[in-house]
Amino acid sequence: MHVLNDEVHGRAFVPGRGPAIDLQHITKRYGGVTALSDVDFSVDAGEIVALVGDNGAGKSTLVKAISGTHRIDEGTILMDGEPVTISSPFDASALGIETVYQDLALCDNLDVIANLYLGREQKRKGSPFLDREEMESRAAGIIADLAAHIPILDKQVSALSGGQRQAIAVSRAALWGSRVVLLDEPTAALGAAQTAMVYSLVRKLKERGLAVVIISHNMADVFAVADRIEVLRLGRNAGTFLPGHDSSDDVVAAITGSRENAGKDK
Amino acid sequence: MTSLLERIPMLRHASSYTVVAGLAIVWIVFEVLNDNYLSPRNLSNLLLQIAVLGTLAIGMVFVLVLGEIDLSVGAIAGVSAAVLAIFITQLLVPAWLAILVAIAAGAAIGLLQGLIITGAGIPSFILTLAGLLVWQGVQLALIGDNGQIPLRDPFIRSIASSYAVPAVGWVLAVVATIGFAGSRLLRRRRRLAHGLTTQSARSEVVTVAVVAVAVLAVTWILNSYFGIPWVFVLVLLLLLAGSVVMSSTTFGRHIIAIGGNKEAARRAGINVKGTTISVFVIISAIAALAGIIEASRQFSASNSLGGGTLQLNAIAAAVIGGTSLFGGRGKLYHALLGALVVGSVQNGLDLLGQPAAIKNIATGIILVIAVSIDAIGRRRRLARGASD
């Protein structure tokens with residue numbers, strides 16, 4: 001398998017320097033409301049971490065802090081052990097962090113290739129013109145690696161199924177995200193077969209050495225793919241769980257707060 | 001038969017196929033009603049008549065694909081024509097310089113409108129509606145009390161009323177055909193070099209042959225009257241340049257992306273504001289060009305130039321040609337197709353001695369049909385689960 005990410009960003013993954021991304025003592029306030037309070041969250045390269053919690057628990061706020069949509073008020077973000085500042089989506093992209101939004105952020109009127117390269121179109125050397133052939137052949141490579149079931153690359157995205165659209169959004173994140181990929185409710189609108197397809201896609205991201213964060217409400221999702229489960233409740237860490245070690249009841253108890261201090265301490 | 005038609009790129013899309021079929025019906029009906037309709041002389045006149053409309057519609061496709069609209073293009077054409085006339089007759093500058101100034105004036109108006117639309121977040125519909133009033137006022141003020149400024153400059157007068165002599169026409173036709181074949185060949189070579197799929201050589205040859213026959217047939221018909229009108233060559237060059245920008249540059253790709261999903265484009269790092277401002281500059285510069293062509297046709301810049309139904313017909317032509325009012329879908333050639341439909345109906349009704357009332361009603365009905373096709377197509381896409 002060729003690793004497109006390194007070709008794109010010109011740097012290789014360096015193991016053994018701490019988590020790919022490590023958020024420490026994060027606090028975020030909206031006016032008088034504290035959305036996150038002293039939250040710790042880290043993901044290793046090649047690890048899939050599920051971020052779960054009830055509505056208003058702070059999942060979205062934490063994801064927005066990583067994807068650069070919102071700035072944090074207090075705390076530190078380290079990538080491979082180095083402190084970084086993420087103050088815009090542009091910063092996040094430059095650091096190799098990509099987000100797959102729940103609405104997928106695809107342009108339905110463009111074809112699969114154009115969506116994979118949206119905002120990052122390749123040009124012919126020394127000209128303002130698009131290098132269609134280069135984009136098409138590289139898109140064919142990444143699709144063959146990740147999502148072989150996407151039939152025709154020059155098909156408009158509006159003609160594809162929900163699962164195929166999700167696959168394109170994830171493939172785009174894999175194409176550009178060299179270190180961290182955030183997936184917001186990736187299976188919310190999908191049927192069983194399509195969900196399984198997204199799971200296999202997520203595992204391929206892991207095989208590529210990416211740190212993957214999945215935000216989900218769906219316990220089946222979480223236990224099927226995650227290596228580790230982090231629960232947020234009322235803007236605070238509410239426990240760490242391991243599939244195969246803890247049960248989904250334990251996780252649900254932590255989410256709802258029916259059993260305080262459930263799960264093992266970090 | 002179907003497979004042959006599908007090989008012509010323009011016909012691969014159902015909407016364009018419908019428009020071409022509609023145009024064929026219009027031509028047949030009017031030819032039956034008046035056998036001068038499809039004469040070389042009338043077809044040549046038709047091309048002169050749609051030059052201004054087609055030019056404005058080309059600009060309109062840019063704006064509609066972006067998901068915006070511009071209601072002020074007619075007034076901008078009027079202001080630019082007035083600027084042209086003032087610079088030539090009162091400031092006595094050479095024609096070429098006056099043309100550049102007039103186009104720059106149009107572009108400046110577009111820049112101003114684009115800055116306000118993106119800066120204040122006003123819907124383009126409202127801002128350009130206000131622009132229509134403002135620029136019509138400016139046009140009246142510039143033209144003055146006489147109601148028109150006559151243009152005597154021979155070059156300006158020749159823009160919309162000169163023809164390429166037959167020999168030049170044939171050269172243009174051959175160059176266009178070779179250029180088309182060359183671009184297909186280049187594209188094929190590049191795809192082969194990247195190991196990508198290509199159409200069979202036979203179907204490429206058929207495509208080129210069909211285009212060659214069409215180009216040579218049009219040239220032959222026009223050459224049997226006065227030749228190819230230069231203004232038609234100008235419109236085709238504008239169409240070619242616009243199509244290259246739209247389909248082969250990042251700028252064009254970004255226009256389509258913004259029209260399809262503005263939020264997705266913004267999140268992907270596309271400069272939505274800059275692209276929007278640039279598009280309003282482009283359409284206003286194109287509107288200025290249309291104003292110059294119309295001034296050349298009228299031999300004057302008048303206070304009615306660009307007024308009346310021209311503005312609305314330009315939007316109608318773009319939509320009738322197949323461009324979506326909902327943004328994100330449309331090709332530059334839709335402008336020419338739509339202008340041909342609108343122009344053909346109006347020309348045909350003129351030949352039959354019908355009044356303006358009937359022409360307006362007919363154009364309106366065709367527009368309703370075109371918008372219905374667009375809306376039904378959109379509903380089908382939404383029903384399939386697409387989220388535009």
Side-chain angles (χ1 to χ4, degrees), chain A residues 67-69 88-94 98-111 113-124 127-141 152-154 156-165 169 172-173 176 189-190, chain B residues 12-13 65-67 183 186-199 244-272 275 323-324 326-331 377-388:
Chain A
S67 64
T69 317
S88 71
F90 183 81
D91 286 350
S93 284
E98 286 295 318
T99 307
V100 180
Y101 296 95
Q102 199 170 354
D103 67 5
L104 304 183
L106 297 173
C107 288
D108 283 321
N109 57 333
L110 289 171
D111 63 21
I113 308 160
N115 270 289
L116 287 176
Y117 281 86
L118 196 64
R120 288 157 161 143
E121 294 83 1
Q122 309 281 301
K123 293 180 211 167
R124 294 188 202 287
S127 87
F129 300 113
L130 296 171
D131 194 340
R132 297 166 181 285
E133 294 78 19
E134 179 66 22
M135 287 194 276
E136 184 171 343
S137 57
R138 286 185 53 190
I152 304 167
L153 289 167
D154 59 6
Q156 281 198 356
V157 169
S158 60
L160 302 181
S161 73
Q164 289 172 330
R165 291 155 56 77
R172 177 167 68 187
W176 302 110
L190 302 183
Chain B
R12 212 175 286 142
H13 307 283
V65 170
L66 185 72
S183 73
L186 181 64
R187 183 178 134 88
R188 184 177 174 80
R189 284 217 178 127
R190 281 175 171 161
R191 291 188 63 85
L192 285 172
H194 278 80
L196 300 169
T197 55
T198 51
Q199 290 183 23
V244 169
V245 167
M246 204 64 158
S247 65
S248 300
T249 67
T250 48
F251 174 65
R253 177 65 60 80
H254 292 173
I255 294 173
I256 302 169
I258 293 168
N261 188 341
K262 199 176 195 174
E263 180 57 22
R266 195 186 60 75
R267 286 193 212 147
I270 291 171
N271 181 351
V272 174
T275 306
T323 295
S324 173
F326 304 108
R329 287 168 208 279
K331 303 274 184 204
R378 180 165 183 268
R379 211 177 310 143
R380 281 197 188 139
R381 286 194 299 276
L382 290 176
R384 267 205 311 266
S387 64
D388 66 353

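Every chain is numbered from 1, with letters handed out A, B, ... down the list of sequences. No hydrogens, no waters, no symmetry mates; every other heavy atom, side chains included, goes into these values. Predicted model only: the values in this text are computed from it and were never measured.
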Hits for side-chain contact (heavy atoms from CB on, under 4.5 Å) against B/Thr198, two or more places apart or cross-chain, chain-then-number order -> B/Arg188, B/Arg191, B/Leu192
For the candidates [options], which exhibits the highest count of non-hydrogen atom pairs separated by less than 4.5 Å from chain B?
options: A/Lys123, A/Gln122, A/Arg132, A/Gln156; answer: A/Arg132
options: A/Tyr101, A/Phe90, A/Phe129; answer: A/Tyr101
options: A/Leu110, A/Leu104, A/Thr69, A/Thr99; answer: A/Leu110

Which bit of [X] is near chain A, if near means a heavy-atom gap under 4.5 Å: side chain, backbone, both or neither?
X: B/Leu196; value: side chain
X: B/Val244; value: side chain
X: B/Ser324; value: neither

[X] vs [Y] side-chain heavy atoms within contact, under 4.5 Å:
X: A/Cys107; Y: A/Asn115; answer: yes
X: A/Arg138; Y: A/Leu116; answer: no
X: A/Leu106; Y: B/Asn261; answer: no
X: A/Glu134; Y: B/His194; answer: yes

So what's closer than 4.5 Å to chain B heavy atoms on A/Arg172: side chain, backbone, both or neither?
neither
Max heavy-atom pair count under 4.5 Å with chain A, selected residue of B/Glu263, B/Arg187, B/His254, B/Lys262
B/His254
Name all pairs fulfilling the salt bridge (charged side-chain N to carboxylate O under 4.0 Å, His left out) condition that reach into residues 245-255 of chain B, sequence neighbours left out, sorted by first residue then second.
none
